[in-house]
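Note that the coordinates shown come from a computational prediction; the quantities given were computed from them, not determined experimentally. Chain A is the first sequence line, chain B the second, and so forth, proteins listed ahead of strands; every chain is numbered from 1.
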Protein chains: 2
Amino acid sequence: MNVKKIIIPPVRREDVPAALASLGIAVTAQRVEIGAILLESMQHLSAEQVQARLEADGASASKATVYNTLGLFARKGLVRELVIDGSRVFYDSNPSDHFHFYNVDDGTLFDFPSSPVTLSNLPTPPEGTKLDKVDVVVRVTTK
Amino acid sequence: MNVKKIIIPPVRREDVPAALASLGIAVTAQRVEIGAILLESMQHLSAEQVQARLEADGASASKATVYNTLGLFARKGLVRELVIDGSRVFYDSNPSDHFHFYNVDDGTLFDFPSSPVTLSNLPTPPEGTKLDKVDVVVRVTTK
DNA sequence: GCGTCAATTTAGACTCTGTCTAGACTGAAC
DNA sequence: GTTCAGTCTAGACAGAGTCTAAATTGACGC
C-alpha cells in the first residue's frame, strides 16, 4: 500500500486542481493559487516569497492560510519542507531525491547538479524510531 | 597556514580559559562559564538550554551575551552551529566530523554512531563559491 | 593610585517567522 | 433555505534572535 503519487513541475495552471485532488487535497481557490505558484517550475520558495507572488499575481490569502496551505502541501507530499538557515523554512517543488547547496553569504539556495551523490553506510535509526527523510545541505561561502 | 586548533571535550573547568585563549578568544568570566558548560562533555545545546544551565550553576549572563558568545565560539571553531528544525539553533561541542539523527516527534538529537558514513560524488560548489561545511541530518519519527 | 580607552556586558526594546483564536464565509447535502 | 463541516480571515500572540545605548571591566601608561 501507499504508492505515493508524485507531481512533477511544471504543471499548467489549469491542471493544478486535478493535481491537488490526486493527492487528496480538497480544492479551494487559495490552494489553487498557491499550488500554481509552486508548481510553475521546480523551485524553493519561503512562505514570505509565496505571499509576495500571490500579491504580484493579483490574488491574495491571509498569512495563516499561506502557512496552513504550505504545511498541508508538505504533509501530502506535494512539496518538501527544507530547513536550511534557522530563520525560515523553504518549500521545494522538486519531488526527486536531491540535495542542496546553500550560500551562507547571500542566502541563495541551489539544487545539486544531477551527479549521483551517494550516502553509504548510513546507520540504522535508533531503537523505536523509523527513518523519515535524509537532508544533506552543503554550505558554501562566496569566494 | 591555518592549522585549526581543535578542543575536545571533556575539558575541566580550570582548563577552559587556556582553551579559549588558544583559539584567540579573549577570556572573560561569562565566556568561561559558557565554555565550561559546553565543554563539560560532547553535547548539543540550544541558547536557551545554555542560559538555563548558567542559572542552575548560580552564574548568569544576559540573553545578548549568551547569543554573542555562542556566535563567537562558532566563528572561532570551538563549537559547531547546527540548524536542525527551524525553530532554534543548536551548538555542538563534538569537534569531529559527524552527522545527526533528529527525532521530529520529540525534538531529541543524537550523533550518528561512529560507523563510517561516507558521502561520495559530492559535486563541486557553484562557480565563485567555496565549500564551508556539509550537514547531514537524518530525520526520524517515533514508531 | 588614577585617568583613559577599547572591549565586553547588560536590560530591554524591537524584529521576524510562524501559530493560535474566534468569528465569518462557502458550498454541498438534505 | 437550513444545516454543517471545512476553510479562510484579521489580528493577537509566542518564541528565537538582534539591536541599541548605556554601564562595566580591565589593561595600560602615567
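Between the CD1 atom of I25(B) and the C1' atom of dT8(C) there is a distance of 14 Å, given to the nearest Å. Between the CD atom of Q30(B) and the P atom of dA23(D) there is a distance of 18 Å, given to the nearest Å. In this structure, the CG atom of D85(B) is 11 Å from the C1' atom of dA16(D), given to the nearest Å. If you measure from atom CD of Q51(A) to atom P of dT19(C), you get 14 Å, rounded to the nearest angstrom. Spacing between atom CD of E33(B) and atom P of dT25(D) amounts to 15 Å, rounded to whole angstrom units. The CG atom of L72(A) sits 13 Å away from the P atom of dG6(D) (whole-angstrom rounding). Straight-line distance from the CG atom of N68(A) to the P atom of dG6(D): 15 Å, rounded to whole Å. One atom, CD of Q49(A), and another, C1' of dG18(C), lie 16 Å apart when rounded to the nearest Å.
When each of A61(B) and E48(A) is assigned the nucleotide of DNA chain C bearing its nearest heavy atom, the one mapping closer to the 5' terminus is A61(B). The residue among A29(B) and G86(B) whose nearest nucleotide of DNA chain C lies closer to the 5′ end is A29(B).
Side-chain N/O atoms of K63(B) and base N/O atoms of dG17(D) include a donor-acceptor pair closer than 3.5 Å.
Side-chain N/O atoms of Y67(A) include none lying less than 4.0 angstrom from OP1 or OP2 on dT19(C). Listed pair R88(A) / dC16(C) fails the phosphate criterion, with no side-chain N or O lying under 4.0 Å from OP1 or OP2.
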Problem set entry | Protein proximity profile, nucleotides 21-29 of chain C - base contact B, sugar-phosphate-only contact S, no contact -, cut-off 4.0 Å on heavy atoms | ---------

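Of the possible polar contacts, one joining the Q49(B) side chain to the S46(B) backbone as a donor-acceptor pair under 3.5 Å is found. A donor-acceptor pair under 3.5 Å is absent between the side-chain atoms of S93(A) and the main chain of L78(A), judged by distance alone. Judged by distance alone, with hydrogens and angles left aside, the side-chain atoms of R80(B) form no donor-acceptor pair with the main-chain N or O of F90(B) at under 3.5 Å.
The overall bend of the helix from dG1(C)-dC30(D) to dC30(C)-dG1(D), read as the angle between its terminal helix axes built from five base pairs each, is 10° when rounded to 10 degrees.
Taking the six-membered ring where the residue is Trp, F101(B) and F112(B) present tilted rings, their angle falling between 30° and 60°.
Side-chain atoms of T142(B) and N103(B) include a donor-acceptor pair closer than 3.5 Å. Between the side chains of H44(B) and N94(B), not a single donor N or O lies within less than 3.5 Å of an accepting N or O.
Heavy atoms of A26(A) sit under 4.0 angstrom from primed sugar atoms or phosphate atoms, though from no base atom. Contact annotation for T65(B): base contact, defined as any heavy-atom pair under 4.0 Å involving a base atom. Residue contacts shown for S87(B) are limited to sugar-phosphate atoms, with no base heavy atom under 4.0 Å away.
Taking a cutoff of 4.0 Å between a charged side-chain nitrogen and a carboxylate oxygen, E81(A) and R139(B) do not qualify as a salt bridge. Taking a cutoff of 4.0 Å between a charged side-chain nitrogen and a carboxylate oxygen, R53(B) and E40(B) qualify as a salt bridge.
In this structure, the nucleotide among dG18(C), dT9(C), dG17(D) sitting nearest to the side chain of A47(A) is dG18(C).
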For this session: Please lay out, stage by stage, how L109(A) and I84(A) fare under the test side-chain contact (heavy atoms from CB on, under 4.5 Å).
Result: CA-CA 9 Å; L109(A) 190 58; I84(A) 300 286; 3.9 Å; yes

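Once rounded to the nearest 0.5 Å, the distance linking CG of L82(A) with NE2 of H100(A) reads 4.5 Å.
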